[in-house]
Each structure stands twice: as structure tokens, then as C-alpha cells.
Amino acid sequence: MGDQEADPPSEQVLVRSDWSGDLYGSVLVDRSGAISADLLLDESQQHVYVLTNDRVSKVPVSSCERQTDCQSCLSIRDAYCGWCVLEGRCSRKHECEHHLLANHWLWSFELTNQCVTVQSLQPANQSREEQTQVTLSVLQLPVLRATESLSCVFENLPPQPAIVMGTNLTCQSPAPKLLPPMPSGSDHMILPVSVMFGDVTITSGNMTFYDCGAISRLNQSSQCLACVSSFWRCNWCPLDQLCTHNHSCPSKNLILNQKDSSGPSSCPLVVSLRSSALVPMGLNTTIVLEGRNLDVYMDEAQYVCVVEIEEVQFNLTAAVEKTEDNTNIFTCSSHQFQYGLSQLQYSAAVYLRRGQRRIDASPGLRLHLYDCSAGQSDCSQCRAVPEEYGCVWCPGSPAPSCVYSQSCSSLPTDTCPPPQITQVLPVSGPLEGGVLVTITGSNLGTRYQDVVGGVKVADVPCVAQPEGYRISTRVVCELQRSGKNRVGPVEVTVRTSPPGRSTQMFTYQDPQLTSLVPDKGPISGGTKLTIKGRQLLTGQTSDLTAFLGQQPCYILNEVTDSRFVCKTSSTNRTSAVPVQVFFGKAERTGPDLTFHYLDDPVITKATPAESFYAGGRVIKVTGRNLDVVQEPAIFVWVEPLEVQRVKRRRRLALLTAKQRLVFNGTMTTVSERCSVRSSSEITCWTPAVSPEVRVKGVWFQLDNVRVHYDSIEGNSFTYYPNPQLFSLNREAPDAPYRFKPGGVIAVEGQDLTRAMSKDEVHARLGEQDCEVKTLDRTHLYCEPPEIQPLSVDGGSELPSLKGAPADFIESLALQQSLILSMHVGVERKTSF
């Protein structure tokens, strides 16, 4: 519908038989003017001609074909469109062959219409070992003609014919041998079930196939419990050790799933330990187990107790006793477990086996095998072991050790030796305290409370910290104020024992700040600030923090006693801020230590915009505030050509300008430092780039300010192949070159001016200049001095002619051997 008052969009309206209308969409036709109300349909009724002030546009009346699924087709609410169910496409009504039959063409404009949907499957879950009839209840199922039929397709398996009864379809599930393998580590899989009309998918749902056998394989320690407790209807055959969907067993006895019976409570089971779960290594120990529901086993097989330690099985003969309450007590033969442990205890599985059958064990039923000596290297560590383990510090020979009480041949030690301190870190701190001191050693107590109030540093109390304490081996304390310079040992007293003293001396000292360089930088940060002073190695490096006003300055590199370097962070305004350094909680400032945050540097121009691969071309950069930068540099971002070829082969999408700045493992950078000339000018030398890479970007790094070359004036920076220079005698390079004084030397080449101007070229003949007169794309002309210069080639009597950009002679490998005669009959050897 056109509208003279409207903006360019043309509105789409459904006009009903009573001349009422519904607006359902709009189409952008022409931005140049309003749309005329006079519209005309073409003969096919597929397009409408729309008139604006200066244009006639042919606009399709609908875009049904753009919608590729039922949901999107119905959601557009286009009065021309509907979902053609049996053809699987969004179309106009007359284009759908069976549109007159119910549920064949679902009109997009009708709000109550829904796509054909599987509401339910019966059964929704099925054992993969059986094949059954599956009934699908389908909403909006289309009415079929007598000659038409539907089929069911399970994932990618062959189709199964479907029987339609009203809104239900019935089809056969796949044969078990056709089903795909069960996913690793899972007891079920979900397959899509599609209702098909020929090759067209009408709708689909999901059906679950489970594997009872997988449940027992995934739960070896409790197969019966897992089987009958599972979500699936699996049952357990105890005599056959079989988890099955069947309701019968080969050996008759059956334990039904918990959905049908008592389930887990009927499983043969080792319920608990009658003996202690704590078993010391190296001591004869008898294990006693309690079991139930074991009367199901009537054969003559013997019970065996099994203890598993890191996949090694210890098999112990079991004696069985039955109690009045029908509980079985199993006494395992006495055994002395010997196994190397790296820690105090190891949790080992314990269970019963009868013949080849493994009897389930209650979840969490474990033996705790332990070795008092494992990890308990001193008296305090030994005495810290919980009392129920029975570990004692035994003073026996050849050396004292932590052992099980019954293994100690002498009287155990009641008190531990005095603490021994092996290391103190750090060995200095500020007069105000406030830094943490870490003390390591042995016999430093059995618990944190043992050292509370017992730590001194240089005879000043140091407050122990609970979070840093480690039994016997470590104490962390917070240094307290000393009031003056002090030097002394660290002392730790445990309860009533004599104190242990360190051999290291701790120093209370007073660090001072004296100067900083530089004293200014951009507000974006990135300036490397050197702060100088005395006794800056106070505390640990981790205790040292620096601030410029409220902004952190991040510590870099190694801190020495007289200096450290930090990198400034950004701020939101220019200002002069004080420099503050913290040694733990102790603050230091200095006289006249002020840092000035200045406006960021701005680049307005950078020329030239080309360089040879060899680099070395001078780029003049102009702008504002350039002298606030400490370390200006030019960076080139490159990527190997091979990576480019791989990307093209894979047809990767082109990266946007923003994405090109994201680094990845195949891309690297090369860079060169720049020189600050003034506040408005810096000069940079282009980095050398290998011809085997592609240049992806060039930028200037001004501390934390990054300026991409193409953002300055909209031009990109280009690298070109190095120019070529040819021998003066191209046909006979070794033959003499005759030169008449008063002329110029002409050297031929290729692409000489692509990234180089005449003023940038410096030519020398021996020790003197050969004045460059002209440079074009294919020639370089220079005028030699009137008197033959001396050679500078180390022993050669003939002078060498060398040429390169004036500011970076060494960077261009443009030298070629030539023969030059300065006088008639006199030959001179030269190279260029």
C-alpha cells in the first residue's frame, strides 16, 4: 500500500472481505521520495509496480522462498505465505499441491497455526537389545490420500514404514544390530526420529536407547546397586553377574529395578567393616567385613577378601560366620601390608569375591593404609598426626623416626627437640614493620597455637599468621615496629621448649628515595620510570609497590639496593603527582619527587609511506607532544607467506581492520627505536623485513599510545622488494671500465626510486664522496672527485664505490663488483 505522506517504506496490508485490514509488514522501496498510492500488480500477481517521484520499482509481493523451515515461515506472518508440509517449503497457497487438504498448507498469517510437532513417543526409552513398536503422537498431522504413506527414520538408518491412525503413527524400532555403538563412558544414547514423506522431513522427535550391560561395566565396584538403581528399567541377575532389561535370568534368581521392587536393598552386599578402617603398614592386621543377602549363592565356591592398592590385588582367605540376624561376618586372614607410600595414608578398595563373582561393596567402603614415617620427618610432624593413627616419635637406632607405636622398641619421646631454623626470608624490613617474614625449618610446633607469642625478629615480637603456618616446617609472621635500626637473629619458641635461633641476621633499616628519571610522561602511561635511592632492597621484591598519586607504577626487572624501574599506568587527566613507594605497609616519598602526567602525543603526519624490504629508510613523524614519549618505536606486523596460502586454501573469511590487530601464533613483529628531535618531530628508521613474509600492518608505539599508520592520513604503509643494480660492464663484468675525467658514472638498475629519493642516496668512491646528480627508476648518476681517492677496502689499491640511503648505508646490500679506469691506460677496481 502506497502513502503520499509516508517515508520510503511501502506498507503491506491484508484487506479482508469486509474491507477491514491488518498491517503485517513493510518493504523498503526507494529512499529518494514518498510512495504513490497508485499501485499495479503484474500479470503473474507475483510483483507490484511502485511509483515514487522519479522512479518505478518492481517489488515482489512476498518472500516466502527465503524461509527455509516451518517455524520461520509461520513467524513472518506474511499473508501470502504458508508452510507446505508434504513439500517441506514456504510457499504461496496455490503453489502447494495438496493445499485443499487439512493441515497440508499452514497459513503464516493465522496466529493459531502451529508446525507439525511430535508431542510424545511411546515408549520414549527402550533397551537397545530389543525391537518394539513405537507410537508417535503428532500435532497437526496432515491428512493423506489413499496412495500416500509416511515413514519413520531413526537417525541415518533405513526408513521404517509407518501406520497412521488419526494423529498417531506406529513404526518399528531399528533392529539391535543396526543401532550405532554406545558412546564411550555412557549407558544410553539419544537418536532423532524423523517422520518422512518421501525425502521430506515433516517433523522429528527424540528416542533414548539404553544399554543395561553398560551400566555394570561402568560400575565395577557396585554392579548390582548401579543396575537396579538406574533410571532405566534394568534388572540384576546375581548368579550370572548380568544387568539386563529382561524380567528373567538364565539362572532364575532375579533382583528387580527399584521402580518395580525394593531394588538396592536386595543386592548381595558387603555392608561395612567390623574392624578398624585404619591399617598400619608393616604390621600383621586382620580385616573383618560384614555382608548381607548372600544366601542367594549356593555353590561351593570360596569367599576371598580382596584389597586393591594402586591396581595391585592382595587376595586374603576369608572365614565366614553367620549371625542370628542373618548377617554374614567375614574374617580375612591376617596380612602384613608392605607398600611404599609418599604420604601418610592411602585409601584402598576392599571387597569380597566368590569364585569369579565380585560382590558389591557399599559406596565409600575403603581401607586407610598408612605409614607413620611417610612425610613425618621430625618429631613435631610425627606428634601432629591424629591420635587414632598411633604414631610416635621413636628415638631408636640408627636415627629417630616416626613409627607405629607397636613398632617402637624403646620408650617413645614425650617432648620434641627445640625448633631448628634453616632459612629466614626476607632478611631486612622497614623500621615501621608491616612486611611478612617467612621462617622455615623443623620442629616448629604441631599446630599454629604452639608458636603464638613465641616469635621474635631482632628481639622485636613478630605476630604469627595462621594462614601461613605449616606443621613443624614453616611460620609466617608480620614484622612489628622497631623504632630504630636493629640487627639480630630470628627466634621461635614452641610452648616451654628452649627457643630456636637463626644463623641469619635480620636488619631493620630505613630506605630512602632520592630521584626519578624521567619526570614526565603521557596520560596513557607506558613510561619506564627509574626511581633511585638507598636501601631499596628492604623486605622482599613482592613487598615493593610504587604509586604516582593514586595510579600504580608497575615494578619491572630486577630491583637493586640503589634503583628500580616501574612502568606508569594510565590516568584520565594531566596533573603533577607525588611519587610514593611502599615497603610492605611502610610509605616513603622524597623531596621534589613529582611526576608530571602530560597530554598524549598526537601524530599528524608521517612521510614517506614506502620502504624497501632491507629497511633503513628515515620516516619523519610530526605532531604534538612527541617529546613526552620515552621510548618511541616503529613496529611492523608480519605473517609468513605460507600461512597466507593455507588460509586461502581453507577459504577463510577476510579479516576486518580491527581483527588484523589481533595477534596469533603465526604472526610476529619487527621494530626499530625512533629518536625524539623535538616536541613536534621524531624520526624513525624502517625495520628490515624478510621477503618471505607479508606485511599486515605498521604502527608507531609511543609508550602506551599506539598509532596505526593508516589512521594518520588514511594512507597505508607499503614495503617493496629491494632495488636491483647492474654491473657497469653487463656483458663482460670483469673487463676494465674506461672512465674519462670530468664525466659522471652511470649505474643501471631497476625500481631505484620505488622507495628512495635522490636526496636519500649517499655514494662514496673509496674514502671520498661521489656526488649523486640524478636518480630515476633505472639509473643512478654520480660525479666522482677530480683526484683519485684512496681505497678503504683494506689492502686493495683500487677505490671502491658504495651507495645506499644516506642514513643507513649498512642496511642495504646493494654492492656489486665493477672495474673503473680513472685515467687512460690506468685501471682501478671498484665495487658498488
Side-chain angles (χ1 to χ4, degrees), residues 64-76 78 80-181 188-210 245:
C64 307
E65 68 281 354
R66 296 182 185 174
Q67 315 309 318
T68 58
D69 60 83
C70 176
Q71 200 61 47
S72 62
C73 182
L74 298 189
S75 65
I76 60 173
D78 189 323
Y80 279 91
C81 300
W83 184 251
C84 187
V85 176
L86 295 188
E87 296 177 25
R89 65 190 181 101
C90 193
S91 70
R92 299 180 69 176
K93 187 172 184 177
H94 70 274
E95 294 172 344
C96 185
E97 182 180 353
H98 296 349
H99 66 269
L100 296 177
L101 298 177
N103 297 331
H104 276 258
W105 190 78
L106 306 177
W107 191 25
S108 172
F109 201 75
E110 181 57 63
L111 289 175
T112 59
N113 271 340
Q114 300 180 47
C115 294
V116 181
T117 306
V118 175
Q119 290 184 303
S120 65
L121 286 89
Q122 292 295 332
N125 308 316
Q126 177 187 312
S127 169
R128 67 169 292 129
E129 301 299 327
E130 60 181 344
Q131 187 176 20
T132 61
Q133 296 290 325
V134 181
T135 300
L136 294 82
S137 177
V138 182
L139 177 70
Q140 297 278 75
L141 187 65
V143 175
L144 300 179
R145 294 175 177 174
T147 57
E148 296 173 334
S149 64
L150 301 177
S151 61
C152 299
V153 174
F154 292 79
E155 200 172 59
N156 298 319
L157 299 177
Q160 301 284 339
I163 300 174
V164 180
M165 298 183 65
T167 60
N168 292 336
L169 290 90
T170 302
C171 52
Q172 190 84 347
S173 67
K177 64 181 181 180
L178 296 179
L179 289 173
H188 70 283
M189 61 183 173
I190 299 174
L191 295 187
V193 184
S194 302
V195 177
M196 307 289 294
F197 179 75
D199 294 330
V200 177
T201 301
I202 295 177
T203 185
S204 62
N206 291 317
M207 186 170 178
T208 301
F209 292 85
Y210 58 86
H245 68 281

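Bear in mind that the values here come from a model prediction, so they are computed numbers and not experimental data.
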Other residues, nucleotides, ligands: >12 heavy atoms within 6.0 Å of L178 CG: yes

Between P174 and F209, which heavy-atom pair has the shortest distance, and what is it? CD-CZ, 4.0 Å

Is a donor on one side and an acceptor on the other found under 3.5 Å between the side chain of S127 and the backbone of E129? yes

Between V153 and E155 the two heavy atoms that sit nearest each other are CG1-O, 3.2 Å

Rounded to the nearest 0.5 Å, what separation is found between the OG atom of S194 and the CG atom of L157? 11.0 Å

Can you see which heavy atom on N125 is nearest to which on Y210, and at what distance? C-CE2, 4.0 Å

Is there a donor-acceptor pair under 3.5 Å between the side chain of Q140 and the backbone N or O of Q114? yes

Does the side-chain contact (heavy atoms from CB on, under 4.5 Å) test come out yes or no for V138 and T203, once each step is laid out? CA-CA 9 Å; V138 182; T203 185; 4.2 Å; yes

Correct closest heavy-atom pair for P192 and N206 would be CA-OD1, 3.5 Å

Does the pair E65 and R89 meet the rule for a side-chain contact (heavy atoms from CB on, under 4.5 Å), with working shown? CA-CA 7 Å; E65 68 281 354; R89 65 190 181 101; over 6 Å; no

Q71, CD atom: more than 12 neighbouring heavy atoms under 6.0 Å: no

Could you give the distance from CD (Q119) to CG (L139), rounded to the nearest 0.5 Å? 4.5 Å

Steps toward side-chain contact (heavy atoms from CB on, under 4.5 Å) verdict (V134, V193): CA-CA 10 Å; V134 181; V193 184; 5.9 Å; no

Looking only at heavy atoms, the pair that brings C84 and S91 closest together is CB-OG, 3.8 Å

Would you mind telling me which of V200, V116, L144, N103 makes a side-chain contact (heavy atoms from CB on, under 4.5 Å) with L86? L144

Under 4.5 Å between any side-chain heavy atoms of P159 and M196, yes or no? no

Is a donor on one side and an acceptor on the other found under 3.5 Å between the side chain of Q126 and the backbone of E130? yes

Any donor and acceptor pair, going by atom type alone, linking the side chain of S72 with main-chain N or O of Q67 inside 3.5 Å? no

Quick check for you: to the nearest 0.5 Å, what is the distance between F197 atom CZ and I202 atom CD1? 7.0 Å

Could you walk me through whether L136 and C152 satisfy the side-chain contact (heavy atoms from CB on, under 4.5 Å) test, starting with their C-alpha distance in whole Å, then the side-chain angles of each, then the deciding distance to 0.1 Å, before giving a yes or no? CA-CA 10 Å; L136 294 82; C152 299; 4.3 Å; yes

Answer yes or no: is there a donor N or O on one side and an acceptor on the other, between the side chain of S108 and the main chain of D78, under 3.5 Å? yes

Measuring from L100:CG to W105:CH2, what's the distance to the nearest 0.5 Å? 11.5 Å

Distance col, row K177:NZ vs L179:CG, nearest 0.5 angstrom, shows 11.5 Å

Rounded to the nearest 0.5 Å, what separates atom SG in C171 from atom CG in L150? 10.0 Å

Short question: side chain of H99, backbone of C96 - any donor-acceptor pair under 3.5 Å? yes

Quick one: list whatever passes side-chain contact (heavy atoms from CB on, under 4.5 Å) with T68, sequence neighbours left out. none

Considering non-hydrogen atoms only, spot the tightest contact between G166 and L141 and give its length. O-CD2, 3.5 Å

C70/C115 sulfur gamma separation below 2.5 Å: yes

Has the side chain of H104 got a donor or acceptor atom that lies under 3.5 Å from a matching backbone atom of V143? yes

Aromatic ring pairing F109/W107, orientation class (parallel under 30°, perpendicular over 60°, tilted between): tilted

Does R128 reach the main-chain N or O of P181 with its side chain, forming a donor-acceptor pair under 3.5 Å? no

Report yes if some heavy atom in the side chain of M165 is under 4.5 Å from a heavy atom in the side chain of T135; otherwise report no. no

So, C90 with C73, SGs under 2.5 angstrom? yes

Reference residue E95; test side-chain contact (heavy atoms from CB on, under 4.5 Å); the match among K93, E97, R92: R92

